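Heads up: the structure comes next, in structure tokens.
Being a predicted model, the structure only gives us computed values, none of them experimental. The residues of the chain are indexed from 1 along the displayed sequence.
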Amino acid sequence: MKLLVGYASTQGQTRKIARHVADLLADRGHVVELLALEDADSLELGRFDRAILAASLHVGHYQAALVDFAEARRDWLNAHLVLFLSVSLAAAGHDAEEWRALDRIAGDMAQATGWTPSQVVQVAGAYAPSRYDVFTRFTMRRIIAAKDAQADLSQDKEYTDWAALDASVSAWLAA
């Protein structure tokens, strides 16, 4: 099967997740193209059987590259099996209200673009103060302190559950 793994990343964790997924798919014998969605202007989707798109949430919104891609290609996306990996630190927690908010944000994106993913998987991202500007570092420290009282706020920490991600991708492939 020929698969597209497209991503939009701000600090790099979503790109890392997309690379991991692309490697997993290739190791299973699939032909995979990994592509930053900001570079997808002339991409011809007709050569793919399925797609996995990944983007991260920042202040309640996905990157413009994902939104623009989905709006422009919603007909193909709606006609094919497309897994959407929504990456956020909120997915690292167990707060029911935050999970409802994640689902609502994904639903708002679907309504705004006209694309309804075949499946949405919420994936925990990473806390990376080494890659943040001063404002982002301040904001993210407050979020992490509330979520993970044991976290060293000066150190990067990955919250992505790689085994759960692999299981989700495998289940989607089997569909």
Side-chain angles (χ1 to χ4, degrees), residues 3 5-25 27 34-38 51-67 69-70 82-113 115-175:
L3 303 163
V5 177
Y7 67 90
S9 188
T10 301
Q11 275 101 26
Q13 186 67 15
T14 303
R15 178 178 49 246
K16 183 176 182 178
I17 289 166
R19 283 183 182 155
H20 174 86
V21 167
D23 288 345
L24 174 72
L25 297 169
D27 288 348
L34 177 66
L35 179 68
L37 294 176
E38 64 190 22
I52 296 176
L53 301 181
S56 54
L57 272 171
H58 294 275
V59 195
H61 296 85
Y62 296 104
Q63 289 89 350
L66 170 73
V67 173
F69 181 86
V82 180
L83 174 62
F84 177 49
L85 304 176
S86 174
V87 180
S88 69
L89 280 175
H94 302 288
D95 183 276
E97 183 60 34
E98 286 185 347
W99 279 85
R100 282 190 292 275
L102 292 175
D103 291 339
R104 187 177 63 253
I105 292 166
D108 290 347
M109 185 270 305
Q111 186 175 23
T113 62
W115 165 55
T116 302
S118 306
Q119 181 181 353
V120 177
V121 173
Q122 302 292 344
V123 180
Y127 170 69
S130 66
R131 293 184 250 158
Y132 300 152
D133 61 37
V134 173
F135 176 74
T136 304
R137 190 175 312 122
F138 174 77
T139 303
M140 296 305 291
R141 285 180 88 142
R142 293 186 67 201
I143 293 169
I144 290 300
K147 262 188 195 324
D148 184 356
Q150 307 301 324
D152 178 349
L153 300 177
S154 65
Q155 298 295 314
D156 291 4
K157 182 173 180 182
E158 193 170 77
Y159 290 91
T160 306
D161 182 338
W162 298 104
L165 176 62
D166 291 355
S168 293
V169 171
S170 295
W172 174 79
L173 266 177

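Here the shortest heavy-atom pairing between A110 and P117 reads CB-CD, 4.4 Å. Nearest approach of A106 to V120, heavy atoms of both residues: CB-CG1, 4.4 Å. Shortest non-hydrogen contact noted between V121 and S168 is CG1-OG, 3.8 Å. Considering all non-hydrogen atoms of both residues, F84 and A55 come closest at CE1-N, 4.0 Å. Among all heavy-atom pairs drawn from A90 and W99, the shortest one is O-NE1, 4.0 Å. Between A8 and T14, the shortest heavy-atom contact is O-CG2, 3.5 Å.
Here the straight-line distance linking atom CG of D133 with atom CE of M140 works out to 11.0 Å at 0.5 Å rounding. The line from CG of L34 to CG of L3 is 12.0 Å long, rounded to the nearest 0.5 Å. We find the CD-CG distance between E38 and L66 to be 12.0 Å, quoted to the nearest 0.5 Å. For the atom pair CZ of R15 and OG1 of T10, the computed distance is 10.0 Å after rounding to the nearest 0.5 Å. The CG atom of L165 lies 9.0 Å from the OG atom of S170; values are rounded to the nearest 0.5 Å. Expressed to the nearest 0.5 Å, how far CG of L24 lies from CG of D166 amounts to 5.0 Å.
No side-chain N or O of S56 forms a donor-acceptor pair with one of Q13 less than 3.5 Å apart. In summary, the side chains of S88 and Q122 do not present any donor paired with an acceptor at a separation below 3.5 Å, with no hydrogens or angles considered. A donor and an acceptor atom, one from each side chain of Y132 and T139, are nowhere located under 3.5 Å apart.
Heavy-atom neighbours of H61 NE2 from other residues, nucleotides or ligands within 6.0 Å: at or below the threshold of 12.
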Quick one: do Y62 and L57 satisfy side-chain contact (heavy atoms from CB on, under 4.5 Å)? Show the steps, please. CA-CA 5 Å; Y62 296 104; L57 272 171; 3.6 Å; yes

Would I52 and L85 count as a side-chain contact (heavy atoms from CB on, under 4.5 Å) if you check the C-alpha gap in whole Å, the side-chain angles of each, and the deciding distance to 0.1 Å? CA-CA 7 Å; I52 296 176; L85 304 176; 3.8 Å; yes

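The shortest side-chain heavy-atom distance between V87 and Y7 does not fall under the 4.5 Å cut-off. Residues F69 and T113 have side chains not in contact (no heavy-atom distance under 4.5 Å, counting atoms from C-beta outward).
Under a 3.5 Å cut-off, the side chain of R131 and the backbone N or O of Q11 do form a donor-acceptor pair. Using a distance-only test at 3.5 Å, with no hydrogens or angles considered, a donor-acceptor pair links the side chain of Y127 to the main chain of L153. A donor-acceptor pair is defined here as one N or O able to donate and one able to accept, closer than 3.5 Å; such a pair exists between the side chain of D156 and the backbone of S130.
Using cut-offs of 30° and 60° for the angle between ring planes, the H20 and W162 rings count as tilted.
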